[in-house]
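Data block below; observations after.
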There are 2 protein chains.
Amino acid sequence: MPDSPIRKLVPYANKAKEMGRKVYHLNIGQPDIQTPQSAIDAIRSIDRKILEYTPSDGIKSYREKLAKYYHKFNINVDADDIIVTTGGSEAVTFAFMACLDPGDEIIVPEPAYANYEAFAIVAGAVIKSIAAKIDEGFALPPVEKFEKLITSRTKGFMICNPNNPTGYLYTRDEMNKIRDLVKKYDLFLFSDEVYREFCYTGAPYISAFHLDGIEQNVILVDSVSKRYSECGLRIGALVCKNEEVKKNLMKFCQARLSPPLIGQIAAEASLDDDGEYMLNTYNEYVERRKFLIDGLNRIDGVYSPIPMGAFYTVARLPVNDADKFCQWLLTDFEYENQTLFLAPASGFYTQSGLGKDEVRIAYVLEKESLAVCLKILEEALKVYPGSKVRPKYQENVVE
Amino acid sequence: MPDSPIRKLVPYANKAKEMGRKVYHLNIGQPDIQTPQSAIDAIRSIDRKILEYTPSDGIKSYREKLAKYYHKFNINVDADDIIVTTGGSEAVTFAFMACLDPGDEIIVPEPAYANYEAFAIVAGAVIKSIAAKIDEGFALPPVEKFEKLITSRTKGFMICNPNNPTGYLYTRDEMNKIRDLVKKYDLFLFSDEVYREFCYTGAPYISAFHLDGIEQNVILVDSVSKRYSECGLRIGALVCKNEEVKKNLMKFCQARLSPPLIGQIAAEASLDDDGEYMLNTYNEYVERRKFLIDGLNRIDGVYSPIPMGAFYTVARLPVNDADKFCQWLLTDFEYENQTLFLAPASGFYTQSGLGKDEVRIAYVLEKESLAVCLKILEEALKVYPGSKVRPKYQENVVE
C-alpha cells in the first residue's frame, strides 16, 4: 500500500508540536463543531449491563430511523436496504470487496478522497482516473473521456458528491451523464454522499438514488462522522437495493461480526435533531466558506474556486511543489510560533504529476482560527524559497 | 467469500423465534457475563463536546495501560508495540494484509475460528490446515505434518491459544515446536490470545511472546470482547515488535482513520479492575465448564474432551451430519417450546468432510440455562431421525 503525502507529514507536525509550536490542522476533515447534545446524552444514559454485539447489519431501530432520514432527501429506501458499517471507510472497503474481483477496474474522477485508492488496493481492484481541472472549477470532465476508459474489466464508477476534496457538487446534467454510462455498460455506481447536508449554492443535491433506471446499480456510502461531528464513533452505512450485492456485503459484515454498539446508539439519537442543529452547523460552514475563500483569493498568487459543498477547497498556491511547501511549513516556518498543516493535493490524484501546486484546505476550524491561518499562509508564501507569483491572467488558461 | 455453516442457520433461528420459540444461543461467543462497572461508568461520564477521531493506532494512555496489563503475563512490550484495532476481527485482517501477499500461504491447525479463513480471503492468502483430532483432545498434531506443508509461499502460522473452538491450551512443548519451525523457516507467528484469562487446569498460558528468539516474527492478536464481555465495543489490538511490520500495519490503520473512541475509553477503564471482576468471571466459567462437560458426557453417545481454556468445547454427537442436526433443531424440534442454536463444527475445518459429527458449544450462558440446554439436547437426540448411538469403546480409536 502506497504512503500518502499527508501521512508522510504527520511526524513533522508532531515534531513541530513537540517544539511548542501551535499547528493549525487544516489537513483533515475533523470539524471543531460540537456533536449534537442528543448523541452525548444518549451515551451518558447507557443503562446496559452487557455491551453486546449488535446484528451484523446494525441495530434495526437505527436503520428504520435512518430510512426516514433518507426519505427527507427523496431517497426511497427502507431499513432492509441499509447496512450499518464501522465508518464510511468500512462502507467503501466492503462495497469494493463485495462487487469487485482482483483486477477489476473502477473509474474515479480526481482529485478524489485518497483512501479510495487504499480500499481499492485492499480489494485487489485498480483505479482508473480522469482528472478534473481547477481552472474549470473541478467540474466533471467530458463524459467521452470516461467512456474511453471503459474496458471489459471496468465494473463501476466511484464518485463523491458533494466532493471531497474539491467541494464540487455535480449538476443534474452531469449526474445524468454518469447514469447513462452506468446503464449502457451495466456498471456499479459507488456514490459517497456523506456531505449531502452541506450544499451551499441553492443548486440541488442529486443523489445517485435520484437517477432513474439504475436503482439496482447504486451503492451509496454514508457516514455520521462529518454530518454530526461524530468522527470518533465510527458509524457509517451502505445503502443498496440490489439483493445479490446485499447478500455479498453481508458476508463481509458477518465476518467482522458487528459495527460498534455505542456509536449506533449515539448516531440514532442524533437523528432526533429537530433541524436546529443541522441549520446551525450549516450556517457556520457557510460563514467559514465565504471567509476562507475570500481570504485565499486575496493572497497574491493564490487561487481557489468557490466550493459548492462539503467543507474543503482545493486551492492553487504560487509554489513549484506543494508537497515540499507543506513539509516546509511544518519543519522550517513559524509565524508568531504558529504554523499550518495543509494537505498536499498530489495525494488526491492517482496520476502522478497532477496537483503539484495545489493543496486541500478543510475549513473545519472556527473563523477566528481561519483568520490566523490565512495570515500564516500569506506570510509563509512571502518567504518560502520555492515561491513564485503567477500572473493572474494565466489562471484561466485552459489546456 | 464462502458462506459459513453457522451463518446459514441464522434465518432458521430467526424464524423459530418469530414462531414464539425460545432459542438458546450456544452458537456464538457472546457471554451473558456483565461488562465491568468501571467501563459502563466511564461511558456514562463522557464529558466531551466533540466525539473526535483518535490517533489511528489508538489513544496513547490506553496503549500505556495495556502494556502494563501485558507485563502481568510476562509479555514485555511497551505502548509503541501496540496498535488498537476495531475488534480482534480487524486485528487479524490487518495482520494478514500487512504481512501476506496474494497467493501466500499460512498454516493453521484446525478446527479453527472460521473467520480466519474469511480474513485470509480478504488478504488473498491461502490457508493450509492440519486437523487436530477430538480423540486426541485436539492436541497439536505432530510438528512433522506442519513442516511437510511448508512451501516457498508459506509465510506464517496462525494459532489461537487458548483455542476457539476447542478450548485446547498449547503446552510449552508444543509452543516450542512451533517456535522452532517459525525460526527455521523465518515465518510469521500470528497468535490470537484473546482468551488468555480463561485457562482452567493450572497448566501455564504460553504466549507467543514467551518464545525466545522469534520476537520479530510474532504478531499477537487481542480483544476486549471476551475478556470483559465487551463484544459491542469493537476494541481489539495488535501487538508487534517488528518495526517493518508495524509500519505496514499503520498504513491500513491510517486508511480507516481511527478505532472507535468511546470503546477505547471504556476498554481503558476496564483495566482498572483490581482483579475481582476477572476472578469472578473466571470462577463463573470454571463452574459452567464443569457443569456442561459433565452433562454432555452423560448423554448417550455424546463425547466432549475437557477443554483447558476459553469458553467453548467441540463435542461429538451421535449423528451422521451435524449440519443437518443443527438445522433440524431450529426448524423441526422443540422441547417445551424451547430449542438450541449450536454451531456445526464443519465450519471450523477448511478440509471438507471433517467434523461432520461435531458441534461447537459456547458456555456463555448461566448454569440454569445450560441445564435446560443439556435437557433439550438429550431429548432431541432421542428423537432425531439421523441419530445413532456409537459404542463408547470406539471413541478412543485413533486412526
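- Atom-to-atom distance recorded for N115(B):CG and F252(A):CZ is 11.5 Å, nearest 0.5 angstrom.
- Residue Y53(A) comes nearest to G29(B) through the heavy atom pair CE1-O, 4.1 Å, listed as atom of the first residue, atom of the second, then distance.
- In terms of heavy-atom proximity, A255(A) sits nearest to S89(B) at O-OG, 3.8 Å.
- Looking at I28(A), the atoms closer than 4.5 Å to chain B (heavy atoms on both sides) all sit in the side chain, from C-beta outward.
- Counting heavy-atom pairs under 4.5 Å between each of V122(B), T86(B), N248(B), T54(B) and chain A puts V122(B) at the top.
- Looking at Y116(A), neither its backbone nor its side chain comes within 4.5 Å of chain B, counting heavy atoms on both sides.
- In this structure the side chain of L233(B) never reaches within 4.5 angstrom of the side chain of L261(A), judged on heavy atoms.
- Expressed to the nearest 0.5 Å, how far CE of M97(A) lies from CD1 of I121(B) amounts to 11.0 Å.
- P36(A) does not touch chain B: none of its heavy atoms, backbone or side chain, sits under 4.5 Å away.
- Within residues 55-62 of chain B, no residue has any heavy atom closer than 4.5 Å to a heavy atom of chain A.
- Counting heavy-atom neighbours within 6.0 Å of K17(A) NZ, excluding the residue itself, gives a total above 12.
- At distances below 3.5 Å, not a single donor-acceptor pair connects side-chain atoms of R256(A) with backbone N or O atoms of G87(B).
- Of the atoms belonging to S4(B), not a single heavy atom falls under 4.5 Å from chain A.
- For P102(A), no part lies under 4.5 angstrom from a heavy atom of chain B.
- Of the possible donor and acceptor atoms, one in the side chain of R44(B) sits under 3.5 Å from a partner among the backbone N and O of I46(A).
- Atom CZ of F341(A) has more than 12 neighbouring heavy atoms from other residues, nucleotides or ligands inside a 6.0 Å radius.
- Contact annotation for A118(A): only side-chain heavy atoms (C-beta onward) come within less than 4.5 Å of a heavy atom of chain B.
- By the 4.5 Å heavy-atom criterion applied to side chains, R234(B) and S258(A) are counted as neighbours.
- In terms of modelled atom types and a separation under 3.5 Å, the side chain of Q30(A) and the main chain of E52(B) share no donor-acceptor contact.
- Between I50(B) and E230(A), every side-chain heavy-atom pair lies at or beyond the 4.5 Å cut-off.
- With chain B as the partner, the residue from M250(A), R48(A), Q254(A) showing the most heavy-atom pairs under 4.5 Å is Q254(A).
- Under a cut-off of 6.0 angstrom, the local environment of OH in Y349(A) is crowded, with over 12 non-hydrogen atoms contributed by other residues, nucleotides or ligands.
- Taken from CD1 in I43(A) to CG in D47(B), the straight-line distance is 12.0 Å, to the nearest 0.5 Å.
- Side-chain contact check for Y228(A) versus L51(B): every heavy-atom pair is 4.5 Å or farther apart.
- Between T35(A) and K49(B), the closest side-chain pair of non-hydrogen atoms is not below 4.5 Å.
- Only the side chain of I40(A) comes within less than 4.5 Å of a heavy atom of chain B; its backbone N, CA, C and O stay farther away.
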